[in-house]
Amino acid sequence: MKTFKRTTITSALPYANGPVHIGHLAGVYIPADIYARYLRLRGEEVVYIGGSDEHGVPITIKARKEGLRPQDIVDRYHSIIKKSFEDFGISFDVYSRTTSDTHKQVASEFFRSLYEKGKFVEKTSEQYYDAEAGQFLADRYITGTCPHCKNEAAYGDQCEQCGTSLSPTELLNPKSAISGSVPVMRETKHWYLPLDQYQDFLSDWILQGHKEWKPNVYGQCKSWLDMGLQPRAVSRDLDWGIPVPVAGVEGKVLYVWFDAPIGYISNTQEMCAAQPEKYGNWERWWKDPETRLLHFIGKDNIVFHCIVFPSMLRAEGTYILPENVPANEFLNLEGDKISTSRNWAVWLHEYLEDFPGQQDVLRYVLTANAPETKDNDFTWKDFQARNNNELVAIYGNFVNRALVLTQKYFDGCVPALGALDDYDRQVLADCASIKEKVETLLDSFHFRDAQKEAMNLARIGNKYLADTEPWKVVKNDLKRTGSILNVSLQLAANLAIVFEPFLPFSSEKLRRMLHLNALVWRDLGRTDLLPEGHRLAAPELLFEKIEDNRIEAQVKKLQETKHANESSEYRPQPQKADVSFEDFTRLDIRVGTVLDCRKVPKADKLLEFRIDDGMGGRTILSGIAAYYPKPEELIGTQVCFVANFPPRKLRGIDSEGMILSAENPDGSLTLIQPKKELSNGAAIV
RNA sequence: GGCGGGAUAGCUCAGAUGGUUAGAGCGUCGGAUUCAUAACCCGGAGGUCACGAGUUCAACUCUCGUUCCCGCUACCA
């Protein structure tokens with residue numbers, strides 16, 4: 001295995017249009033933080049880079065909605081996010097933002113560099129343009145009717161009602177979200193990064209060179225590479241972002257996915273500029289082949305960090321590439337997908353209001369149940385159980401027992417270590433073996449197992465006390481009692497070290513109780529951390545039990561969110577603009593009987609209907625297969641359809657019309673079916 | 001439909017390159033104990049490793065097929 005001199009750790013830049021929640025923490029920031037702390041404890045050269053991602057269209061939309069400037073939005077969330085990370089002890093060496101001056105300069109230079117080397121392809125395409133506002137419209141800035149579910153408030157990139165992704169040209173009745181005017185198509189020029197040119201290089205580098213990457217990461221990369229890569233636009237027509245640094249170009253900015261990962265580099269530069277004596281020249285962290293670059297991300301970011309960003313770095317030519325990209329899966333909350341827009345989340349700043357000073361509890365639980373190999377579920381009941389049964393009952397309890405006994409029998413001073421028996425030696429040796437186990441696991445990014453091993457050391461301590469029974473021995477052998485407690489206290493000191501990367505706040509508290517200064521990883525396994533006669537502080541509880549009522553309150557809070565969501569989803573869509581009666585009469589809507597209905601092969605959503613329309617019959621395709629798993633049961637029933645659409649080919653079949661369905665609050669579709677049997681071909685008027 | 005990931009004890013999850021009785025924590029049942037936040041400690045029960053074939057002396061582990069979940073992708077007048 002290749003050895004490195006230093007490590008650059010990055011964790012995905014959180015998008016500054018909302019606060020951060022437990023999913024972010026569990027999947028990205030805690031693992032990265034554990035790793036960074038671990039390397040620092042080992043005395044290795046390491047930096048941990050973070051920052052907010054503040055450009056992009058969603059932020060401009062949110063700003064518009066609230067009547068604020070985009071800068072106001074990112075200022076707000078940047079400070080909330082930054083504070084949450086500080087509160088949870090995420091130990092960034094720098095936490096900056098992509099609206100910083102440094103970043104503007106670095107990102108521009110990066111673009112310029114590729115531009116001058118001829119690494120981009122220029123392409124002209126037609127895009128929607130708002131003549132009234134005098135600007136091109138980002139996909140998100142175009143609203144219109146979703147062609148699938150007819151939701152009137154669909155966006156140009158996606159319909160939030162039915163969840164389908166769209167392209168702006170698919171929208172019916174497109175409207176500019178800025179001025180409300182009808183946009184027109186207009187030519188615009190953009191720069192593209194020709195990913196297809198990096199196909200061979202990437203295949204070789206990842207598929208051949210990095211078979212050790214996690215299966216989910218490797219698999220996803222393979223999937224993309226097998227599909228074949230396409231050029232990707234690196235600029236957009238927008239006024240929020242880094243201006244494209246090309247003479248004569250106006251109204252264009254770097255596309256956010258291009259600008260964001262460069263943020264890792266600019267934040268590193270900012271950090272080095274602020275503390276050159278500590279961090280040195282920034283290029284050591286990004287250009288020295290002896291530096292190991294690691295990206296901690298969630299699974300949604302795999303493509304960017306394994307395909308796109310490496311292509312950018314490669315195109316630039318002077319940068320190192322990531323050595324590994326330990327991407328995690330997603331964390332669910334009480335059985336449902338975490339969702340910012342649906343407020344289905346545990347927000348970090350809210351957690352600390354309800355559980356002040358208990359950030360380590362969340363850190364512990366999220367690591368114990370981290371989505372390392374597949375999506376996992378966070379439940380408050382599990383949270384409570386892990387706290388009460390593990391942190392309190394195993395770790396806290398052992399420490400408390402050792403300290404209280406020492407207080408009681410030796411007035412809070414570390415007693416002498418007498419002659420050791422085999423059991424004592426075994427227990428002390430366990431500290432050393434735990435060290436090795438934890439190292440092996442952390443080195444391979446197995447954080448949950450590593451933490452489990454740390455907890456095992458506390459279990460060993462409890463068992464040691466139960467077996468040696470110092471409270472009995474003290475009655476006739478004070479010296480032996482002292483030895484037992486000495487061993488127990490050394491064990492407690494070791495716990496403070498081994499838990500340091502995982503539970504930094506608790507380790508600090510424990511060190512305070514033991515009157516110990518900061519320790520380093522190398523000390524782990526030592527049995528002389530506390531000298532004889534060393535005075536301990538008065539014992540406190542390391543963790544507190546969490547009672548049922550506090551958990552019930554959290555569950556109730558979530559239930560209320562759920563109810564609020566359900567009732568709000570029932571809000572009918574706003575009424576459409578008036579149409580004339582003549583317009584309506586041009587539509588020919590009819591009733592027909594389903595003669596046959598079957599799934600279209602190789603199409604997930606399509607059902608093929610054969611309809612008796614009283615006029616010789618016709619075939620219509622409809623995208624409702626998901627809601628009618630047994631299409632044959634529709635045979636013999638009647639449906640309504642638009643009869644006078646021109647035929648359209650779908651999946652090689654001519655569809656002669658459109659079958660009418662109504663949309664339910666959850667986005668599912670239900671056929672409109674007459675209650676009373678009607679003549680086939682009957683017109684709906 | 002294509003591609004990728006997953007399916008292991010009641011629950012949440014581990015199980016490199018195939019090899020003796022498949023693991024952990026929690027929960028449950030029983031025992032022991034009282035220094036400790038009724039905590040700790042010991043023991044038991046509990047799994048046809050999604051399903052069906054195949055390769056092999058041997059498969060949870062490899063191959064093929066099927067079912068279900070997650071993601072990307074195609075399709076959605």
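Residue numbers start from 1 in every chain, and the chains themselves are labelled A, B, ... in the order their sequence lines are given, proteins ahead of strands. Computation of the quantities below employed the complete heavy-atom set of this structure, encompassing side-chain atoms and omitting hydrogens, waters and symmetry-equivalent molecules. This one's a predicted model, so the numbers in the text were calculated from it and none came from an experiment.
Just one residue in the list Glu390(A), Gln359(A), Arg386(A), Gln358(A) forms a side-chain hydrogen bond (donor to acceptor under 3.5 Å, both in side chains) with Tyr364(A), and that residue is Glu390(A). Screening Leu660(A), Val594(A), Val639(A) for a side chain to side chain contact (heavy atoms under 4.5 Å, CB included) with Leu671(A), the sole residue that qualifies is Val639(A).
Residue pairs that meet the salt bridge (Lys or Arg N to Asp or Glu O under 4.0 Å) test with at least one member in residues 361-373 of chain A, sequence neighbours left out, are Asp33(A)-Arg363(A).
When distances run from any side-chain atom of Ser655(A) to the nucleotides A77(B), G25(B), C35(B), the shortest one goes to A77(B). Relative to the side chain of Leu606(A), the nucleotides C76(B), C35(B), C13(B) differ in distance, and C76(B) lies closest. Here the nucleotide nearest the side chain of Arg401(A), chosen from C35(B), U34(B), C26(B), is C35(B). For Ala466(A), counting side-chain heavy atoms from C-beta on, the closest listed nucleotide (C41(B), A77(B), A24(B)) is C41(B).
Between the CZ atom of Phe398(A) and the C1' atom of U37(B) there is a distance of 16 Å, rounded to whole Å. In this structure, Phe543(A) places its CZ atom 13 Å from C1' of U37(B), rounding to the nearest Å. Taking atom CG on Leu225(A) and atom P on G4(B), their separation rounds to 13 Å, with Å as the unit. When rounded to the nearest whole Å, the span between CD of Glu390(A) and P of U37(B) equals 20 Å. Look at CD1 on Ile653(A): it is 12 Å from P on A77(B), rounded to the nearest Å.
When the nearest nucleotides of RNA chain B are assigned to Asn388(A) and Arg448(A) by heavy-atom distance, the more 5′-ward of the two goes with Arg448(A). Take the nearest nucleotide of RNA chain B for Asn376(A) and for Lys599(A): the residue whose nucleotide is more 5' is Lys599(A).
Close to C40(B), at under 4.0 Å from its OP1 or OP2, lies no side-chain N or O of Lys463(A). Remark: Lys408(A) is in phosphate contact with A36(B), judged by side-chain N or O atoms under 4.0 Å from OP1 or OP2.
Within 4.0 Å of Leu441(A), counting heavy atoms only, lies no atom of the nucleic acid at all. Residue Thr379(A) is classed as having no contact, given no heavy-atom separation below 4.0 Å to the nucleic acid. Within 4.0 Å (heavy atoms only), Asn397(A) reaches at least one base atom of the nucleic acid.
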Pairwise N/O distances under 3.5 Å, protein to nucleotides 43-46 of chain B:
none

Set out, line by line, the N/O atom pairs under 3.5 Å between protein and nucleotides 67-70 of chain B.
from: C70(B); atom 1: O2'; to: Lys299(A); atom 2: NZ; distance (Å): 3.1
from: C70(B); atom 1: O2'; to: Asp375(A); atom 2: OD2; distance (Å): 3.4

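Under the 3.5 Å distance criterion, with hydrogens and angles disregarded, no donor-acceptor pair is assigned to the side chains of Asp196(A) and Gln230(A). With no hydrogens or angles considered, no side-chain donor-acceptor pair links Thr367(A) and Arg448(A) at under 3.5 Å.
Judged by distance alone, the side chain of Asn644(A) and the main-chain N or O of Arg586(A) form a donor-acceptor pair under 3.5 Å.
Salt-bridge formation is detected for the pair Arg590(A)/Asp588(A): a Lys NZ or Arg NE/NH1/NH2 atom is positioned less than 4.0 Å from an Asp or Glu carboxylate oxygen. By the 4.0 Å N-to-carboxylate-O rule, Arg598(A) lies too far from Glu608(A) to be salt-bridged with it. Using a 4.0 Å cut-off between a side-chain N of Lys or Arg and a carboxylate O of Asp or Glu, Arg480(A) and Asp424(A) qualify as a salt bridge.
Taking the ring centre of Phe330(A) as origin, the terminal cationic atom of Lys299(A) falls inside the region bounded by 6.0 Å and 45° from the ring axis.
Listed by chain and number, the residues in a side-chain contact (heavy atoms from CB on, under 4.5 Å) with Asn462(A) are Ile394(A), Asn397(A), Phe398(A), Arg401(A) (sequence neighbours excluded). Contacts of Tyr464(A) classified as ring pair (Phe, Tyr, Trp, His ring centres under 6.0 Å), with partners at least two apart in sequence or in another chain: Tyr423(A).
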- [ ] Could you provide the dot-bracket string of RNA chain B, using ( ) for intrastrand pairs, [ ] for crossing pairs and | for bases paired to another strand, with Watson-Crick or G-U pairs below 3.5 Å?
- [x] (((((((..((((.....[...)))).((((.........)))).....(((((..]....))))))))))))....

